[in-house]
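First the structure, in the form of structure tokens, and then the observations on it.
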Amino acid sequence: MQILLIHSDYIEYETKKSTPVAEKIEDSLKKGRMDEALTVFIAVEKSDEDSIEYAIKQTAEEIKKVTDQVKTNRVMLYPYAHLSSSLASPKSAVETLKKLEERLKEASFEVKRAPFGWYKSFTIKCKGHPLSELSRTIRQGEQKCLTVVREKEEMVSEALKSEAKATSYWHILTPDGQLLKPDDFDFTGYDNLKKFVNYEIHKSRAVDKIPPHVELMRRLELADYEPGSDSGNMRFYPKGRLVKSLLENYVLDEAAKKGAMEVETPIMYDMNHPTLKKYLDRFPARQYSIEADKKMLFLRFAACFGQFLMNHDMTISYRNLPLRMVELTRYSFRKEQSGELVGLRRLRAFTMPDMHTLCKDMDEAVAQFNEQYNMCINVLSMIGLSLDDYEVAIRFTRDFYNENRDFIVNLVKIVNKPVLIELWDQRFFYFVLKFEFNYIDALSKASALSTVQIDVENAQRYGIKYIDSDGSEKMPFILHCSPSGAIERCIYALLEKAYMNSEKGIVPMLPVWLSPTQVRVIPVTEKHMEYAQKVAGKLNGRVDVDDREETLGKKIRDAAKEWVPYVAVVGDEEVKSGGVTVTVRSESHPNKPVNVKMTVLELNERISKDIAGYPFKRNPLSMNLSARPRFV
RNA sequence: GCCUCGGUGGCUCAGCCUGGCAGAGCGAGAGAUUUGUAAUCUCUAGGUCGAGGGUUCAAAUCCCUCCCGGGGCUCCA
């Protein structure tokens, strides 16, 4: 229920024209006037229909409070649909209004009610004293323990606002240290960089196609939209969960190798916590908010909150620095505007490895930045995304650049290709330097994967200190690092890459370590089944057997559609020789499968080589295809 | 929030313009077939055509209202 209360000298209305939902009224009600009254403009909402009695009771009480304050007992109920964008059905609205009228009369108010569903002209004179204009929202939410609050005015963080104000100076920096204006740069041979620059600077983003990965994520039974949730919250089928889990484990392990300690922190935080509130205003993202009891909470959009609060309470010596912590956030939540959400590229709930490094001074921060920059290149490459697949953006303040010019040029030398530079005169955000690796997809859209930032203000905000060798308390600099970027986004990038490969005549596939099925054994006929099962038992990796009663051709086609890297066909020949005939996907061309006769041992060696150095998980689906349900 | 497209069997969609018995493919179930590298054949089951209202002898189809979803814009760590 939405109500707008106006203490008025008088209110006067006249019906003009009925709408299709108009209530039938006597002529006497077609005009009305009330002097010295509280006019209550009122909209009955959809949510009131769940408990009309509650809405009426609360509204009546609210009206009573205000009439007491303004000392009147005359009320004009005036239906006013425009107060809400989520109206109740006309039928229940009329019912609610009538009951409210009755209730107020019982409470000895003098009540008039303007008819529902008519176009009316009205004149009102508002008294203009401080209490003469009030609005109230009445919802049952207070009694439930978890109600997502629909903010009337969306909270927009200061960072989002300042981002709009920030002036960016764009450049291209080449490996030999030339800093050029984008217009002066020759993009020949740098198609992806050109797309990226267009995307960033010229905001050229219109696309009229569904991104290819959306179809692929469904067809490969990885992930899908979940209409039962909020948009941007995906469901992951067993195969998708497997791929995601492998990526998660891999990235966590790489962070651990660099000395990061894995921690776990809550996903929701008190919106009115003084420190957190200030940080919210420095982070350009929108939050989900949640009400629990009387507390307003927000869902984290990164792991910073929990880790910084933990850092605050820690005793940290200079000997502990650089101090690294990592958390895999499942999930980070960002309430992106609904239209921004696309497949696995941009989500409202996503999984992000988030590592923070406390450094004793700027020199150490810069050194760590450099190390993590290299780590990110390595992580993406191991995931299956090479330097050719993404473009580098480095962003910093003018001051930082003036003091660290050689360092930045060196970053460009490492990737050995021109990068996009964004320069700000002042520091608008919490960092002085950041880079991201941006994946350029089949529709020329750019999305950030890995990123590292040097944060110069959150140590102070959160009161994070360390004791230096001379016994004095100091503030560390903090690096934020996501070695891979969001896990879902990595999957998106791999799928988009596979799609672009297939457009180029390269057979699409996932890296072997991520393929849900690594080897599929297909018996030529039923009588080879026993041998097939025996072979499957001896093979390494995620093996399955196509034991369905289908033709050989069908089974081979299905294996190809699932992008199975190794398809081992076994028939009379193989039973006789004791080996397998393997279709090797990575060596095949469209319509030209490459079949290699090999022993089980040889196949095992190939697979072991493909997956060496990567995490392994068993396939959650049954080994026999005939026992697997379909998900899409 | 705005623009746009859509909602028809489990899935993908046709039918709608021009109103007249609700269709196909995939998938599922049954049967036949025992196959050597991109879909074997036959049969069967399965639908309040998103919801509500209106027009009409008759509505999946036309009109109105609403709901839900996709894509785009805005936005973007």
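Note that the structure is predicted; figures quoted are calculated from it, not measured. First the proteins, then the strands, lettered A, B, ... as listed; each starts at 1.
B:rG25 and B:rC3: their P atoms are spaced 40 Å apart (whole Å). Comparing B:rU61 with B:rG6, their P atoms sit 15 Å apart, to the nearest whole Å. As rounded to the nearest Å, B:rG29 and B:rG19 have P atoms that lie 42 Å from one another. Here the separation of B:rU37 from B:rU33, taken at their P atoms, is 23 Å to the nearest Å. Taking atom C1' on both nucleotides, B:rU4 is separated from B:rG23 by 28 Å, rounded to a whole Å. Rounded to whole Å, the P atom of B:rA60 lies 37 Å from the corresponding atom of B:rC73. A distance of about 15 Å separates the C1' atoms of B:rG50 and B:rG9, rounded to the whole Å. Annotation: B:rG69 and B:rC63 have their P atoms spaced 24 Å apart (nearest Å).
If you check every strand for non-hydrogen atoms under 4.0 Å, A:E221 touches nothing. Within 4.0 Å (heavy atoms only), A:D572 reaches at least one base atom of the nucleic acid. Residue-level contact check: A:T583 touches the bases, meaning some heavy atom is under 4.0 Å from a base atom. Nucleic acid contact class of A:E436 (heavy atoms, under 4.0 Å, all strands): none. Within the nucleic acid shown, A:K434 comes within 4.0 Å of at least one base atom, counting heavy atoms only. A:V569 comes within contact range of at least one nucleobase, with a heavy-atom separation under 4.0 Å.
In this structure, A:R345 atom CZ and B:rG72 atom P are separated by 8 Å, rounded to whole Å. Between the OH atom of A:Y566 and the P atom of B:rU37 there is a distance of 22 Å, rounded to whole Å. A straight line from OH of A:Y225 to C1' of B:rC11 spans 16 Å, rounded to a whole angstrom. Between the CZ atom of A:R235 and the P atom of B:rC11 there is a distance of 10 Å, rounded to whole Å. Distance, A:D546 CG to B:rA39 P: 15 Å, rounded to whole Å. Atom CG of A:L216 is separated from atom P of B:rU12 by 16 Å (rounded to the nearest Å). A straight line from CD of A:E562 to C1' of B:rU37 spans 16 Å, rounded to a whole angstrom. Protein atom NZ of A:K527 is 15 Å distant from nucleotide atom P of B:rU33, rounded to whole Å.
Between A:T525 and A:P593, it is A:T525 whose nearest contact on RNA chain B lies nearer the 5' terminus. Residue-to-nucleotide proximity on RNA chain B shows that, of A:E549 and A:A568, the 5′-proximal contact is made by A:E549.
Among the nucleotides B:rG71, B:rG27, B:rG36, the one closest to the side chain of A:T581 is B:rG36. Listed nucleotides B:rG71, B:rG36, B:rG27 differ in distance to A:P211; the shortest reach to its side chain belongs to B:rG71. Residue A:S231 has its side chain nearest to B:rG70 when only B:rG72, B:rU40, B:rG70 are considered. Closest to the side chain of A:T551, out of B:rG70, B:rA38, B:rU40, is B:rU40. Closest to the A:N591 side chain, of the nucleotides B:rU37, B:rG36, B:rA38, is B:rA38. The side chain of A:R218 approaches B:rU12 more closely than any other nucleotide in the set B:rC73, B:rU12, B:rG70. Relative to the side chain of A:R630, the nucleotides B:rU35, B:rA28, B:rA39 differ in distance, and B:rA28 lies closest. Of the candidates B:rG71, B:rU37, B:rA39, B:rG71 carries the atom nearest the A:V214 side chain, counting heavy atoms from C-beta on.
Closest heavy-atom contact between A:L494 and A:I383: CD2-O, 3.7 Å.
Checking the phosphate oxygens (OP1, OP2) of B:rC26, no side-chain nitrogen or oxygen of A:K561 falls inside 4.0 Å. Side-chain nitrogen and oxygen atoms of A:K445 include at least one within less than 4.0 Å of the OP1 or OP2 phosphate oxygen of B:rC73.
In this structure, A:F298 has its ring center no closer than 6.0 Å to that of A:Y288.
With a cut-off of 3.5 Å on both pairing distances, B:rC49 has no Watson-Crick or G-U wobble partner at all. Nucleotide B:rG6 has B:rC68 as its partner under the Watson-Crick or G-U criteria, with both atom distances under 3.5 Å. As the counterpart of B:rU56, no nucleotide is assigned, since no Watson-Crick or G-U wobble pattern has both distances under 3.5 Å. When Watson-Crick and G-U wobble pairs are counted only if both distances are under 3.5 Å, B:rU74 pairs with no nucleotide at all. A 3.5 Å limit on both hydrogen-bonding distances identifies B:rC13 as the Watson-Crick or G-U partner of B:rG23. A 3.5 Å limit on both hydrogen-bonding distances identifies B:rA32 as the Watson-Crick or G-U partner of B:rU40.
A donor-acceptor contact shorter than 3.5 Å is absent between the side chain of A:R348 and the backbone of A:S332.
Taking the ring centre of A:Y199 as origin, the terminal cationic atom of A:K445 falls outside the region bounded by 6.0 Å and 45° from the ring axis. Relative to the six-membered ring of A:F400, A:R427 misses at least one condition, a distance below 6.0 Å or an angle of at most 45° to the axis.
Remark: A:E391 does not engage A:K195 in a salt bridge, criterion side-chain N to carboxylate O under 4.0 Å. Taking the charged nitrogens against the carboxylate oxygens, A:R520 and A:E562 do have a contact shorter than 4.0 Å, which makes a salt bridge.
For the pair A:H356/A:C304, a side-chain contact is recorded, criterion being any heavy-atom separation below 4.5 Å from C-beta on.
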